[in-house]
Number of protein chains: 2
Amino acid sequence: MTNDPTPPNQTPEDASERMDIRTIARLANVSIATVSRTINRVSTVNPKMAKRVWEVIEKLDFVPNTQARALVSGRSKLFGLLISEITNPFFPELIQGFEEIAVEHGYEILISSTNHDPKRMSHCIRRMLERKVEGVAIMTFGIEEPLLEQLAKRKVPLVFIDVGPDRPGISVLKVDYHHGIRQAVQHLAALGHRRIAFVSGPKLLHSAQSRLAAYTKSMHECGIVPDPGWIVEGDHTLEGGVAAMGQLLAQDDLATAVLCSNDMTAIGVLHKLYRTGLRVPDDISVIGFDDIHIAEVTIPPLTTIQMSRFEIAKAAFDALQSQVESPNQLIGKREFNISTSLIVRESTSYPRGTMEHLRKKST
Amino acid sequence: MTNDPTPPNQTPEDASERMDIRTIARLANVSIATVSRTINRVSTVNPKMAKRVWEVIEKLDFVPNTQARALVSGRSKLFGLLISEITNPFFPELIQGFEEIAVEHGYEILISSTNHDPKRMSHCIRRMLERKVEGVAIMTFGIEEPLLEQLAKRKVPLVFIDVGPDRPGISVLKVDYHHGIRQAVQHLAALGHRRIAFVSGPKLLHSAQSRLAAYTKSMHECGIVPDPGWIVEGDHTLEGGVAAMGQLLAQDDLATAVLCSNDMTAIGVLHKLYRTGLRVPDDISVIGFDDIHIAEVTIPPLTTIQMSRFEIAKAAFDALQSQVESPNQLIGKREFNISTSLIVRESTSYPRGTMEHLRKKST
DNA sequence: GTGAAAGCGCTAACAC
DNA sequence: GTGTTAGCGCTTTCAC
């Protein structure tokens, strides 16, 4: 099978064995270098020859081998994308943006989910190293330092979201959680809410900490001292939201509004409330975070804080690309700002009793 | 920069330049062949040497270059995964399963979304060809024949869902839509529904056609002749569901139950109903298809037809792997059966009026 | 059982 | 402007 000549009954078109740059060169009567140059659109090639080469390429339907290209050029044209769990709609939306931009620029992406498991993360990083990624976007909202070493040691450009070690070759996307969260708290306070609960994300996540801190700060700004009982830990999943709302419900003095660390949590909260027979927003207001697509059609439509996936994807890609393609300029940490802002829909309203109170007043 | 010797101020550990099998060989005092064999766990290597090699590898934290391996061995250990839109939660759940299994078996996956755009699909296929994937799972629920040619011509093993050309090297996952859909229709009929509407998927999708056909057949089995007006075309998105329900609502004789081609559609339908002030399931029953995770917490929890993502992922991977690793045995089309079954939750009940009717009867 | 040597398909010097 | 040649980092005959 190795070196049998093309069987006589095969037309040259489907002689699919050994289709390489050399074959093209022979058929187009040029050298392999010319073929390579043509494919890579080097401007110095004689248009006549180029045309001949392209014709042969099209006729044979030749596709260059990326592995060989990568091996010799040292450019894999591959970026790693590390996420925590593909199952949270936030991430697919982010992936979509990242992939779009990457492909547009001739890059491929290698996606890995860590599922919050450090062991898995270590595997993911190893695999990325083996495939020689040129950079990796770490969108897990938190990473163990030792694992990071693997990448840093090899000088792989990195971009983090939120949390980022301050080193050359590392960019970080600074999300302005406070802006959106303050808007949310103010929105609630303006409506008359004082007892505003917060369902946080897993406390080991930096982003979760930042969101919590933004909540606390915003509450103080509104002159409210948050009761520790109002803060309960979720885990950014549907089930976590259900459980967290359960905890809140078990308390004597029920909050009149619940701010959630992400939309999945909020959807869980909505569900638990539905199960309990409490109406949103009549009995209690709920606010999410992320503004995933589905938040528009929850029942009721979710008031939430938007954080643009596209903005993040774009910034992450740009950070990586600039590190790779012009490593000399701008060495050192680069920061990108990501904004957040409140989207008011229908899961927020006056605290229970306010309407009656107002009505009485006006009568 | 090319051939400068290790600077004296650098310890060998961080002499990160040119870390290859050769370096390991030199430091372990063996030949590169032995290093290669050790890494590949060839059993004939002398344990003593192997130990020495592993020690050096660990000390230098050496990671083999997959590109080079792939180039010389002809095995990229890469599978392509073609999906229609990553934004539909069905797919991330499928990706998760596929990735898990693939990584377990030493494969990496290249994910591409076509977004239902033939042009994009053509790009995706091209990129996969360039990266020399060893097989591709086409989970788009429909593909244009000409594009398929690209893959088939190069004898890339393929696995389709639902629709599959009958050729060697091509496997197909046959989903038994009829089973689940019949259960759904019977469930509805048993509850007393006769006017059961169906929101289909995009009509150009094979899977959508199959689901529609299963609905029609099941209706007839229950002795109901479906009115053409009951069948409206959606597009498997939230918005499509909203729009489809809008169409249904505009009709004189409103259906008492709506069966949807997928869960996203059903969630859209639920939302439109909520907007209209109709209660589910009191005024109208709704059934979805897929059983995505979020279906458990919709309001009300969605009765839906389950199609196991894990089962699909596993079958797809197995099909591909068996084609790649033992191409001689079982040449030809291989079929895998995927089952579907009804999960009854709370979006279905008696048609409006039945309860009162029953109550009257019993009084 | 181990090493030397020949490439895998391509790019990038370097001559011409 | 085009061709020749030397590898990229690895696996895999093939001798020993």
Side-chain angles (χ1 to χ4, degrees), chain A residues 1-3 16-53 56-57 60-78 106 129-134 154, chain B residues 1-3 16-53 56-57 60-78 106 129-134 154:
Chain A
M1 202 178 203
T2 325
N3 58 349
S16 45
E17 329 280 345
R18 193 182 288 278
M19 262 267 279
D20 60 8
I21 223 182
R22 226 171 302 271
T23 314
I24 307 296
R26 186 162 38 74
L27 266 50
N29 258 310
V30 295
S31 72
I32 59 164
T34 300
V35 176
S36 175
R37 290 192 191 104
T38 305
I39 291 173
N40 291 296
R41 309 203 124 81
V42 173
S43 57
T44 58
V45 285
N46 180 326
K48 255 199 165 114
M49 287 187 138
K51 186 155 175 287
R52 241 164 51 219
V53 172
V56 177
I57 287 178
L60 298 205
D61 211 355
F62 169 75
V63 174
N65 182 333
T66 312
Q67 295 160 348
R69 277 156 94 120
L71 185 58
V72 60
S73 69
R75 301 285 319 265
S76 66
K77 287 292 205 165
L78 241 188
L129 253 20
E130 289 181 347
R131 297 267 166 192
K132 285 270 175 297
V133 294
E134 295 186 45
R154 289 179 172 76
Chain B
M1 206 183 198
T2 324
N3 59 351
S16 46
E17 330 279 345
R18 192 182 288 277
M19 260 267 280
D20 60 7
I21 223 182
R22 227 171 302 270
T23 315
I24 307 295
R26 188 162 38 73
L27 266 49
N29 256 309
V30 295
S31 72
I32 59 165
T34 300
V35 176
S36 174
R37 290 191 190 105
T38 304
I39 290 173
N40 291 296
R41 308 203 126 81
V42 173
S43 56
T44 58
V45 285
N46 181 324
K48 254 198 165 115
M49 286 186 138
K51 186 158 174 286
R52 247 173 36 227
V53 172
V56 177
I57 288 178
L60 298 206
D61 211 355
F62 168 74
V63 174
N65 181 332
T66 311
Q67 295 160 350
R69 273 155 98 120
L71 185 59
V72 60
S73 70
R75 302 284 317 268
S76 67
K77 286 293 204 163
L78 240 190
L129 253 20
E130 289 181 347
R131 297 266 166 193
K132 285 272 176 294
V133 294
E134 297 186 43
R154 290 179 171 77

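Protein chains get the first letters and strands the later ones, always in sequence-line order, with residue 1 at the start of each. All values below were derived from every heavy atom in this structure, side-chain atoms included, with hydrogens, water molecules and symmetry-related copies excluded.
If N40(A) and A68(B) are placed on DNA chain C by their nearest nucleotide, the residue sitting closer to the 5' end is A68(B). Nearer to the 5' terminus of DNA chain C, by closest-nucleotide assignment, is the contact made by P47(B) (compared with the other of S73(B) and P47(B)). Projected onto DNA chain D by closest heavy-atom contact, Q67(B) and A33(A) fall at different nucleotides, the more 5' of which corresponds to A33(A).
When the P atom of dT11(D) is taken as reference, atom CD1 of I21(B) falls 5 Å away, rounded to whole Å. For the pair I32(A) CD1 and dT2(D) C1', the computed distance is 12 Å after rounding to whole Å. In this structure, R69(B) places its CZ atom 19 Å from C1' of dG9(C), rounding to the nearest Å. What separates CZ of R37(B) from C1' of dT12(D) is a distance of 8 Å, to the nearest Å. Computed from coordinates, the N29(B) CG to dT2(C) P distance equals 13 Å when rounded to whole Å. One atom, NZ of K132(B), and another, C1' of dG9(C), lie 9 Å apart when rounded to the nearest Å. Residue R26(B) contributes atom CZ, which lies 18 Å from atom C1' of dA4(C) at whole-angstrom precision. Atom C1' of nucleotide dA12(C) and atom CZ of R41(A) are separated by 19 Å, given to the nearest angstrom.
The closest side-chain heavy-atom distance from D61(A) to R154(B) is below 4.5 Å. Inter-residue side-chain proximity for I39(B) and R69(B) is flagged as met; some heavy-atom pair is nearer than 4.5 Å. Looking only at side-chain heavy atoms (C-beta outward), K77(A) and T66(A) stay at 4.5 Å or farther from each other. Residues N65(A) and L71(B) are in side-chain contact: their nearest non-hydrogen atoms beyond the backbone lie under 4.5 Å apart.
Checked against dT2(C), dT11(D), dG9(C), the side chain of D20(A) finds its nearest nucleotide in dG9(C). Checking dC10(D), dG3(C), dT2(D) against every side-chain atom of V45(A), the shortest atom distance belongs to dT2(D). Nearest to the side-chain atoms of V72(A) among the listed nucleotides dG7(D), dC10(D), dT2(C) stands dG7(D).
The heavy-atom pair separating M19(B) from L60(B) by the smallest distance is CE-O, 3.0 Å.
Proximity of N65(A) to the phosphate of dC8(C): no side-chain N or O atom is located under 4.0 Å from OP1 or OP2. Residue T44(A) places none of its side-chain N or O atoms closer than 4.0 Å to OP1 or OP2 of dG1(D). OP1 and OP2 of dT4(D) both lie 4.0 Å or more from every side-chain N or O belonging to S31(A). Phosphate proximity of dG3(D) to T34(A): present, with a side-chain N or O under 4.0 Å from OP1 or OP2.
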